[in-house]
Amino acid sequence: MTTLKLFFCLLFISVLQNTLYSQALIRAFEENKEIKLKGNETHTYEVLLKKGDFFQLHLKQKNVNLQVLLLSSQKDTLQGFLSNFRKDGLEIVEFPVKKSDTYIFQISPYISRWLKGTDRDNFIKNINGSYAIEKFKILSQKQYETLLEFRQKQKDSVVSWIQKKSITINSVIAETGFEDLNHLKPILKHIQVVGMGETSHGTKEIFQMKHRMLEFLVKEMGFTLFGIEASHVGCRPINDYVLHGKGNSRDALSAQGFWIWNTEEVIEMIEWMHNYNKTVPNTKKIKFIGIDTQTIGLDNAYDRINKYLKKTGEHSMLEVDVDSLFNSIKSIKDRSDLSKRRQKLYNLLSYLIANEINLIHISSKQEYYNIILDLKKIIQGVEAGDRKLGKRSGYNIRDEYMAQTVMETLEKEGSNAKMMLWAHNSHINKDPSSYTNGSQKPLGSALKRYLGDKKYYAIGFATYQGTFQARSYTKNKNTNVYAKAGSFKIYPGEEGHFDWYFAQSKKDRLYIHLKQLINPNAVQSFLNKNLKMHSAGATWTFDRSDSPIFNIIPGKQFDGIIFIKETSAAILTPAGKKELEKRIKEGR
């Protein structure tokens, strides 16, 4: 065989092998077959489509958040699909075909572009999920037109339901009467905890509406407890102010340590609570309770424990340097593994429990139990922030401890105690499968577990457009660099988004109870659908020209919705601004 013939023979074999290899990578769409997906694998599918077709692909994902890229036969990227930000549930791909061609679909795990370096590598390393093709269908143009007509009727039915069943809210301002809110009395009659959500940690009208709802629940429904997503220890000065007039509202609010609550709207609510308490007997006074467990706002607990240890003796058997331990917790920056600090805290707790009788004899039973409670809240804060422990636990540690704090408070106050709870939508929601800050089983689902579905009522908030306040940040290599708070735009929700449906009702403000006795099929489908809505936390960046969104299944997560069509940014107090300046100076 000549050299030239050998060359062409080898070339042909190589091309053939590459062709067979490429074909082996191309998959066919098979329904109801579980397909494993690990790391940054990409699964490729091809399908021939003709102009006028409508393509549908429903992927049931399990323990992995899928993204789908659509490419032309020339490998040009035509469209990306990422409708579901959860690790479980449906990822839906649909598109009308404009040109006859062989289309390529690439299915892979969603890896955020914000993840860099080792964070990205570790994220990819831990991807180990699967998916199944629940639906693969190609509709003709006529079938597509029929489908569009059906979907429009479904949307119209949902909008009509909102218009007919919702209650128009007259105002978000407190002390404007209860004519509109009185409709809530039969719904909330037997409820022990009403969770009040929010679309962001910086929305003026939502903060005001929650103040108004507190007034209604206190005056009309007998509620005497107010709980908020803020430090349990740090909120004690606020409670001292609203109950006993100790200090002033602004210093008390600053003591809790969360800049997001240090706003004029919250000050107005605290002052209302303080003034109201001066007009009623002790049994009807409102208490202000922080329910959160973080390492912020714990200074009061550190001081009380240190003073207690000095008061009760030498403690020669205590092998923990308490001052050094507390100072190390105050200065935590790396939260990847807090096991050493946790172990020292448990050593301190064990010592106090082992010496209970002696310590109570030296001090008092009440003083001893208060110290144990303080130490427990410090432990819970450190555990909630320990990322290694969080990965191992398999649930949301912070939200579980918040729920436990709510239950502790209710138990302490007695069987008739009722609380209004202020937290983000993502926390108050009742669906145990939903994710909050990367972990499942949010606060609301834990309260549902403890109290039952009929004693915990979750009210989510929604908004369509406007602005919200958040702390701005920029990207510097692998880290976020945080700056001052800014006002960010909320862009009107796209058609089909949760907020969009409410905007079509032509009502600027409304409340709707989602658990109606009888709902049309279109409404039931809407309530059980994975929908996008506007939702922000405490931070956002001016580098992005879109609004932050969150995926919800409304019927699973909330019992009711308050919709405020247009909102604006909350107003930071001077102390709130100083807190942010301090954080910037400290590089956090």
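If you read the sequence from its start, that first residue is 1, and numbering goes on from there. Values below: every heavy atom of this structure, side chains too, minus hydrogens, waters and symmetry copies.
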With distance as the sole criterion, is a donor-acceptor pair present between the side chains of Lys155 and Gln152 under 3.5 Å? no
For a quick check under 3.5 Å, do Ser231 and Gln294 share a side-chain donor-acceptor pair by atom type? no
Which one of Ile107, Val64, Leu59 satisfies the side chain to side chain contact (heavy atoms under 4.5 Å, CB included) criterion with Glu91? Leu59
Residues Asp292, Arg398: salt bridge by 4.0 Å N-O rule: yes
Find the distance between CD (Glu31) and NE2 (His58) and round it off to the nearest 0.5 Å. 10.5 Å
Minimal non-hydrogen separation, Ile561 against Ala462, with atom names: CG2-CB, 4.4 Å
Looking only at side-chain N and O atoms, does Ser249 offer a donor or acceptor that is under 3.5 Å from a partner on Glu271? yes
Going by an N to O cut-off under 4.0 Å, is there a salt bridge joining Arg250 and Glu264? yes
Of the options Ile571, Val266, Val172, which is the one that meets Phe207 in a side chain to side chain contact (heavy atoms under 4.5 Å, CB included)? Val266
I'd like to know if Lys185 pairs up with Glu220 as an ion pair, taking the criterion as any Lys NZ or Arg NE/NH1/NH2 lying under 4.0 Å from an Asp or Glu carboxylate oxygen. yes
I need the Leu514 CG to Phe526 CZ distance, nearest 0.5 Å. 8.0 Å
Side chains of Asn480 and Tyr482: do they bring a donor and an acceptor to under 3.5 Å? yes
Heavy-atom count around Gln79 CD within 6.0 Å, excluding the residue itself: above 12? yes
Listing request: all ring pair (Phe, Tyr, Trp, His ring centres under 6.0 Å) pairs with a residue in residues 177-200, at least two apart in sequence or in separate chains. Phe178-Phe216
Do you see a donor-acceptor pair shorter than 3.5 Å between the side chains of Ser254 and Asn262? yes
For the residue pair Thr463 / Thr567, report whether a side-chain donor-acceptor contact shorter than 3.5 Å exists. yes
Can you tell whether the side chains of Asp499 and Lys565 come within less than 4.0 Å, N to carboxylate O? no
Quick test of your reading of the model: are Glu400 and Arg449 salt-bridged, counting only N-O distances below 4.0 Å? yes
So, Gln404 and Glu408: side-chain donor and acceptor under 3.5 Å apart, yes or no? no
Please report the interatomic distance CG(Asp546) to NE2(His534), rounded to the nearest 0.5 Å. 11.0 Å
Knowing that exactly one of Phe95, Phe54, Phe150 qualifies, which makes a ring-ring contact (aromatic ring centres under 6.0 Å, His included) with Tyr144? Phe54
Show your working on side-chain hydrogen bond (donor to acceptor under 3.5 Å, both in side chains) between Trp422 and Glu198 and close with a plain yes or no. CA-CA 8 Å; Trp422 171 320; Glu198 59 196 19; 3.1 Å; yes
Any chance you could measure Met533, atom CE, to Trp500, atom CH2, to the nearest 0.5 Å? 15.5 Å
Compute the centroid of each ring, for Tyr473 and then for Phe542, and state whether the two points are separated by less than 6.0 Å. no
Say whether, by atom type as modelled, one donor and one acceptor occur between the side chain of Asp399 and the main chain of Pro442 under 3.5 angstrom. no
With a 3.5 Å cut-off and no angle check, do the side chains of Ser157 and Ser160 form a donor-acceptor pair? no
Tell me yes or no: between the side chains of Lys556 and Ser434, is some donor less than 3.5 Å from an acceptor? no
Where do Glu94 and Arg151 come nearest, in terms of heavy atoms and distance? OE2-NH2, 2.8 Å
Could you tell me whether Tyr464 and Phe502 have their ring centroids closer than 6.0 angstrom? no
Do other residues, nucleotides or ligands put more than 12 heavy atoms under 6.0 Å from Asn416 CG? no
Distance-only side-chain donor-acceptor flag, Glu265 / Gln208, under 3.5 Å: no
Derivation and outcome, side-chain hydrogen bond (donor to acceptor under 3.5 Å, both in side chains), residues Ser166 and Lys507: CA-CA 9 Å; Ser166 65; Lys507 294 183 180 183; 2.8 Å; yes
For the aromatic rings, using the six-membered ring if either is Trp, is the centroid distance between Phe55 and Phe105 under 6.0 Å? yes
Which of parallel (below 30°), tilted (30 to 60°) and perpendicular (above 60°) describes Trp272 and Tyr276? parallel
Counting only heavy atoms not in Asp543, do more than 12 fall under 6.0 Å of its CG? yes
OG (Ser505) and CG (Leu510) are apart, to the nearest 0.5 Å, by 5.0 Å
How many angstroms lie between CD in Gln465 and CD1 in Ile490, if you round to the nearest 0.5 Å? 9.0 Å
Please list, chain by chain and in numerical order, all residues satisfying side-chain contact (heavy atoms from CB on, under 4.5 Å) with Glu413, sequence neighbours excluded. Leu225, Lys287, Thr409, Ala417
Kindly indicate, with the supporting measurements, whether the criterion side-chain hydrogen bond (donor to acceptor under 3.5 Å, both in side chains) is fulfilled by His232 and Tyr401. CA-CA 11 Å; His232 180 72; Tyr401 281 150; over 6 Å; no
Which atoms form the tightest heavy-atom contact between Ile428 and Ala458, and what is the distance? O-CB, 3.5 Å
When you measure from the centre of the six-membered ring of Trp540, is the NZ or CZ of Lys489 under 6.0 Å away and within 45° of the axis? no
